[in-house]
Amino acid sequence: MSSTESRRARIWDPLVRLLHWSLVGTFAAAWWTRHSPGGVHEWLGYAVLSVVALRLCWGFVGTRHARFAQFVRSPGATLAYARSLIRPNPPRYLGHNPLGAWMIVALIVTTLVICASGWLYTTDRYWGVEWVDNVHRRSTNFGLVLVALHIAGVVVTSIQERENLVASMIHGNKRPAAPDDVA
């Protein structure tokens, strides 16, 4: 083990990373196949739903940094964190920062709305119903906006903290906690 590796903290467990990248892949594939004939889009939607369901379960019983109770902060704490971002040295979080945590919640809820409306559209009762189609399309578009904001937040935080957060979500490691960091 190199000295660099020995100075890394394991933050993201393998299941969190697998589910994260599986969601990226299945969501993107579902979007790309949205006009394809056959059931590929529908099956990808089920795959997306399965990934989200597993992540929800892991958010309650998983490792420390995977649990929602560990990283989802109150609205007041999140607002205080947002205000701290204009200062030179905002607090660093080993896991998700409060804005990132609420982004995860927003992405999960939006993805569930996309999946539910997509499933409804496959049923005899709701096939071709305009409001179901509208909910599915609009929630998908909103989800894409959230994805763009999530990526922007990752880039900004990576620059601010001088740490490649995308790489951290691949190998699971981050710099260990400094005295001022929030574990």
Side-chain angles (χ1 to χ4, degrees), residues 7-32 47-49 51-60 62-115 137-183:
R7 290 181 285 142
R8 306 298 285 171
R10 173 70 70 182
I11 302 301
W12 310 122
D13 67 72
L15 187 57
V16 164
R17 292 178 284 138
L18 176 66
L19 294 173
H20 177 271
W21 293 113
S22 296
L23 186 56
V24 169
T26 56
F27 187 93
W31 185 82
W32 283 105
V48 167
L49 183 59
V51 170
V52 170
L54 283 170
R55 180 60 182 99
L56 281 171
C57 292
W58 198 239
F60 292 104
T63 58
R64 178 178 180 211
H65 293 288
R67 290 191 305 266
F68 301 123
Q70 191 275 335
F71 67 82
V72 177
R73 306 283 199 269
S74 70
T78 304
L79 186 57
Y81 172 75
R83 287 185 187 129
S84 78
L85 293 176
I86 60 172
R87 294 193 309 249
N89 293 312
R92 176 179 176 255
Y93 286 77
L94 280 185
H96 295 96
N97 67 49
L99 288 175
W102 282 105
M103 176 56 76
I104 290 167
V105 171
L107 285 165
I108 288 173
V109 169
T110 301
T111 303
L112 289 173
V113 171
I114 293 167
C115 290
R137 286 178 199 241
R138 289 178 180 159
S139 58
T140 299
N141 290 336
F142 183 66
L144 292 170
V145 169
L146 290 177
V147 166
L149 290 171
H150 175 59
I151 292 168
V154 167
V155 169
V156 168
T157 304
S158 290
I159 292 167
Q160 188 176 51
E161 295 182 358
R162 295 177 186 90
E163 182 157 41
N164 185 337
L165 296 179
V166 174
S168 293
M169 192 51 76
I170 293 170
H171 52 63
N173 301 319
K174 291 180 76 175
R175 282 190 332 271
D180 294 339
D181 292 345
V182 181

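Proximity of W58 to T63: side-chain heavy atoms (C-beta onward) are separated by under 4.5 Å at one or more points. Looking at heavy atoms from C-beta onward, V147 lies out of side-chain contact with W31 at the 4.5 angstrom threshold. No side-chain heavy atom of V51 sits under 4.5 Å from any side-chain heavy atom of T111. Within the 4.5 Å cutoff, the side chain of V156 has no heavy atoms near those of the L85 side chain. Taking the side chain as every heavy atom from C-beta outward, F142 and I114 never approach each other to under 4.5 Å. Between R55 and L23, the closest side-chain pair of non-hydrogen atoms is not below 4.5 Å. Contact of the V105 side chain with the F71 side chain is not registered, since no non-hydrogen atoms from C-beta on lie closer than 4.5 Å.
In terms of heavy-atom proximity, V72 sits nearest to A101 at CA-CB, 4.0 Å. A pairwise comparison of heavy atoms in S84 and P90 identifies O-CB, 3.4 Å as the closest pair. Scanning all heavy atoms of the two residues, the minimum distance from P176 to R92 falls at O-NH1, 3.4 Å. Taking each heavy atom of S139 and T110 in turn, the nearest pair found is O-CG2, 3.4 Å.
When the shell of 6.0 Å around CZ of R137 is examined, it contains 12 or fewer heavy atoms from other residues, nucleotides or ligands. Enclosure of atom CH2 in W21 by more than 12 non-hydrogen atoms of other residues, nucleotides or ligands within 6.0 angstrom is indicated.
Taking OH of Y93 as the start and CG of L99 as the end, the distance is 9.0 Å to the nearest 0.5 Å. L107 contributes atom CG, which lies 11.0 Å from atom CG of L112 (distance to the nearest 0.5 angstrom). To the nearest 0.5 Å, atoms NE2 (H20) and CD1 (I104) are separated by 8.0 Å. The distance from the CD1 atom of I11 to the CZ atom of R17 is 11.0 Å, given to the nearest 0.5 Å. In this structure, OG1 on T157 lies 13.0 Å from CZ on R162, to the nearest 0.5 angstrom. How far CG of N164 is from NZ of K174: 11.0 Å, rounded to the nearest 0.5 Å.
Annotation: ring pair (Phe, Tyr, Trp, His ring centres under 6.0 Å) contacts of W102 (sequence neighbours excluded): none.
Judged by distance alone, the side chain of S158 and the main-chain N or O of L165 form a donor-acceptor pair under 3.5 Å. Within the 3.5 Å criterion, the main-chain N or O of E161 finds a donor-acceptor partner in the side chain of R175. R67 contributes a side-chain N or O that, together with a main-chain N or O of G62, makes up a donor-acceptor pair within less than 3.5 Å.
Using the six-membered ring where Trp is involved, H65 and W12 have ring planes that are perpendicular, over 60° apart on the 30 and 60° scheme.
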Between I108 and F68, is a side-chain contact (heavy atoms from CB on, under 4.5 Å) present by the stated rule, with each step listed? CA-CA 12 Å; I108 288 173; F68 301 123; 4.1 Å; yes
